[in-house]
Amino acid sequence: MSSATPSPPATVSGASYAAAAVTMAHYKAADSKREQFRRYLEKSGVLDTLTKVLVALYEEPEKPNSALDFLKHHLGAATPENPEIELLRLELAEMKEKYEAIVEENKKLKTKLAQYEPPQEEKRAE
């Protein structure tokens with residue numbers, strides 16, 4: 001049996017150790033920030049939504065020409081409605097009803113007016 005004596009561990013100079021410690025701290029801080037951001041995305045439902053849309057794209061039998069347009073379309077549909085948008089939709093529907101009522105009233109008034117006015121030919125003769 002040979003008895004080899006282990007070599008002493010390599011020593012790191014003070015400056016090299018400090019640089020390594022700073023670098024390690026930097027990576028740990030970056031990892032910590034990344035992890036916090038990942039948790040934030042997970043809590044807010046972003047990761048689930050993105051996963052669902054990407055799965056839908058993956059399962060699409062005929063891939064769209066623009067994957068980005070596919071994502072935009074499906075993400076837009078997946079987001080909850082803004083309350084202001086809903087109010088505007090209700091206002092639009094109300095305005096359409098008013099418009100239709102006014103158009104109908106205008107037709108009736110034109111018919112009524114035609115009863116009291118002489119025909120256009122008679123006006124020209126005078």
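Just so you know, these numbers use all the heavy atoms, side chains as well, and skip hydrogens, waters and symmetry mates.
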Checklist entry - Does a side-chain heavy-atom distance below 4.5 Å link N106 with K110? => result yes

Checklist entry - Rounded to the nearest 0.5 Å, what separation is found between the CG atom of L90 and the CE atom of M95? => result 11.5 Å

Next on the checklist: Is the shortest side-chain heavy-atom distance between K96 and L92 below 4.5 Å?
Outcome noted: yes

Next on the checklist: Can you tell me how far apart NZ (K107) and OG1 (T111) are? Round to the nearest 0.5 Å.
Outcome noted: 9.5 Å

Checklist entry - How many angstroms lie between atom CG of L41 and atom CD of Q36, to the nearest 0.5 angstrom? => result 12.0 Å

Checklist entry - Can you check whether F70's main-chain N or O pairs, donor with acceptor, with H74's side chain at less than 3.5 Å? => result yes

Checklist entry - Given the rule in the side chain to side chain contact (heavy atoms under 4.5 Å, CB included) test, do L113 and E117 qualify, once you have shown the distances and angles that lead to the verdict? => result CA-CA 6 Å; L113 181 62; E117 286 186 346; 3.7 Å; yes

Next on the checklist: I need the single residue from L71, D69, L57 that forms a side-chain contact (heavy atoms from CB on, under 4.5 Å) with P64. Which is it?
Outcome noted: L57

Next on the checklist: Restricting to side chain to side chain donor-acceptor pair (under 3.5 Å), what partner residues turn up for E42, sequence neighbours left out?
Outcome noted: R38

Checklist entry - Does CD belonging to E35 count more than 12 external heavy atoms closer than 6.0 Å? => result yes

Next on the checklist: Test: ring-ring contact (aromatic ring centres under 6.0 Å, His included). Region: residues 85-113. Which pairs qualify, not counting sequence neighbours?
Outcome noted: none

Checklist entry - Crowded around K112 NZ? As in, over 12 foreign heavy atoms under 6.0 Å? => result no

Checklist entry - Out of V53, V55, T49, which residue meets the side-chain contact (heavy atoms from CB on, under 4.5 Å) rule with T51? => result V55

Next on the checklist: Does atom CD (E62) have a neighbourhood of more than 12 heavy atoms from anything else shown, all under 6.0 Å?
Outcome noted: no

Next on the checklist: Please check: side-chain N/O of K52 versus main-chain N/O of L47, any donor-acceptor pairing under 3.5 Å?
Outcome noted: no

Next on the checklist: So that I can tick it off, tell me whether E104 and K108 are bridged by a salt bridge, with the cut-off set at under 4.0 angstrom between side-chain N and carboxylate O.
Outcome noted: no

